[in-house]
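As a basis for the values below, the full set of heavy atoms in this structure was taken, side chains included, without hydrogen atoms, waters or symmetry mates. Quantities reported herein were computed from a predicted structural model and do not represent experimental measurements.
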Amino acid sequence: MVEIKYKNSRAGIENGFELSFNFKKYIPEKYWQGNLFDMEKSFIFDLMEKSDLFTCDREGFDWFGINHHYCSYKEIKFTLSECDGFCSFFVEPWDITHLSEIAEALKILIIKTKE
């Protein structure tokens, strides 16, 4: 089961989410061989690259010890933030109406790995 957990930004705006799922069940063995702190991020990047709907900048940038990567879904921009091996996703406040659409699309990509 993949669960979407919506979250607030530091400004108190509900413009983010995390995807909660059993890594052992959904993430293939090849991702467990490298740095475990990069496992979820690498898995998500690969899923996005295989999809025609997503793009993501693998290089990203560090901001206050948190890695950020600019991404898009159907030309809607969002950010993947990775801290201590866990990924969170945020949209700009003016794109909040697209938050659940992006979350559901990523959830479906993860679920499809088991099909």
Side-chain angles (χ1 to χ4, degrees):
M1 182 170 133
V2 179
E3 182 181 356
I4 299 168
K5 294 184 176 183
Y6 292 97
K7 60 189 284 179
N8 291 349
S9 66
R10 290 186 180 167
I13 301 166
E14 189 180 278
N15 66 328
F17 66 92
E18 293 176 348
L19 296 167
S20 177
F21 58 98
N22 181 328
F23 285 4
K24 287 277 189 192
K25 182 177 178 183
Y26 290 96
I27 298 179
E29 182 67 31
K30 71 178 186 176
Y31 296 96
W32 294 86
Q33 305 306 315
N35 181 350
L36 293 180
F37 283 109
D38 288 335
M39 178 178 51
E40 181 184 16
K41 179 177 68 177
S42 296
F43 174 63
I44 297 291
F45 281 159
D46 287 351
L47 289 178
M48 284 194 227
E49 282 182 0
K50 291 176 186 174
S51 169
D52 294 335
L53 303 175
F54 285 94
T55 64
C56 201
D57 172 23
R58 282 189 183 252
E59 290 300 312
F61 61 96
D62 183 279
W63 193 52
F64 295 108
I66 298 173
N67 294 315
H68 299 277
H69 304 269
Y70 292 123
C71 304
S72 67
Y73 170 73
K74 294 183 179 178
E75 299 185 22
I76 303 162
K77 304 221 181 295
F78 67 97
T79 304
L80 181 156
S81 300
E82 183 269 322
C83 182
D84 296 329
F86 296 99
C87 296
S88 298
F89 306 88
F90 295 92
V91 297
E92 294 295 336
W94 52 85
D95 282 328
I96 288 175
T97 58
H98 300 289
L99 184 65
S100 63
E101 179 183 2
I102 295 168
E104 289 293 336
L106 282 171
K107 176 181 173 178
I108 289 168
L109 287 180
I110 293 169
I111 291 169
K112 284 184 176 182
T113 64
K114 298 312 295 173
E115 294 177 351

Legend entry - Set of side chain to side chain donor-acceptor pair (under 3.5 Å) partners for Thr55, sequence neighbours left out: Ser72
Legend entry - Verify same cluster id: Tyr73, Ile108 (apolar side-chain graph, 4.5 Å): no
Inset, instruction - Taking the side chain as every heavy atom from C-beta outward, state whether Leu109 and Ser51 have any atom pair closer than 4.5 Å. - result: yes
Legend entry - From OG (Ser81) to NE2 (His69), nearest 0.5 Å: 8.0 Å
Inset, instruction - For residues Lys74 and Phe54, determine if any side-chain heavy atom of one lies less than 4.5 Å from a side-chain heavy atom of the other. - result: no
Inset, instruction - Find out if a path of hydrophobic residues (ILVMFWY) with successive side-chain heavy-atom gaps under 4.5 Å connects Ile13 to Leu80. - result: yes
Legend entry - Set of residues satisfying side chain to side chain contact (heavy atoms under 4.5 Å, CB included) with respect to Lys25, sequence neighbours excluded: Asn22, Lys114
Inset, instruction - Could you check whether the rings of Phe21 and Phe43 sit parallel, tilted or perpendicular, using 30° and 60° as the cut-offs? - result: tilted
Legend entry - Between Tyr31 and Asp38: side-chain donor-acceptor atoms closer than 3.5 Å: no
Inset, instruction - Tell me whether Leu53 is reachable from Met48 by hopping between hydrophobic residues (I, L, V, M, F, W, Y) whose side-chain heavy atoms are closer than 4.5 Å. - result: yes
Inset, instruction - With sequence neighbours excluded, tell me which residues meet salt bridge (charged side-chain N to carboxylate O under 4.0 Å, His left out) with Lys107. - result: none
Inset, instruction - Output all residues satisfying salt bridge (charged side-chain N to carboxylate O under 4.0 Å, His left out) with Glu49, sequence neighbours left out; order by chain, then residue number. - result: Arg58
Inset, instruction - With sequence neighbours left out, write down each residue that passes side chain to side chain contact (heavy atoms under 4.5 Å, CB included) with Glu75, or none if nothing qualifies. - result: none
Legend entry - Contacts of type side chain to side chain contact (heavy atoms under 4.5 Å, CB included), residue Tyr6, not counting sequence neighbours: Ile4, Glu14, Phe17, Leu99, Ser100, Ala103
Legend entry - Within 6.0 angstrom of Tyr70 OH, more than 12 heavy atoms from elsewhere: no
Taking distance alone, no hydrogens or angles, what donor-acceptor pairs closer than 3.5 Å link side-chain atoms of residues 85-98 to residues at least two apart or in another chain?
{"unit_1": "Ser88", "atom_1": "OG", "unit_2": "Lys7", "atom_2": "NZ", "d": "3.3"}
{"unit_1": "Ser88", "atom_1": "OG", "unit_2": "Glu18", "atom_2": "OE2", "d": "3.0"}
{"unit_1": "His98", "atom_1": "ND1", "unit_2": "Glu101", "atom_2": "OE1", "d": "3.3"}

Inset, instruction - Go through the steps to decide whether His68 and Thr79 satisfy the test side-chain hydrogen bond (donor to acceptor under 3.5 Å, both in side chains), and finish with yes or no. - result: CA-CA 6 Å; His68 299 277; Thr79 304; 5.9 Å; no
Inset, instruction - To the nearest 0.5 Å, tell me how far Cys71 SG sits from Asp57 CG. - result: 7.5 Å
Inset, instruction - List in chain and number order the residues that pass side chain to side chain donor-acceptor pair (under 3.5 Å) with Glu59, two or more places apart in sequence or in another chain; answer none if no residue qualifies. - result: none
Inset, instruction - Answer yes or no: is there a donor N or O on one side and an acceptor on the other, between the side chain of Trp32 and the main chain of Ile27, under 3.5 Å? - result: yes
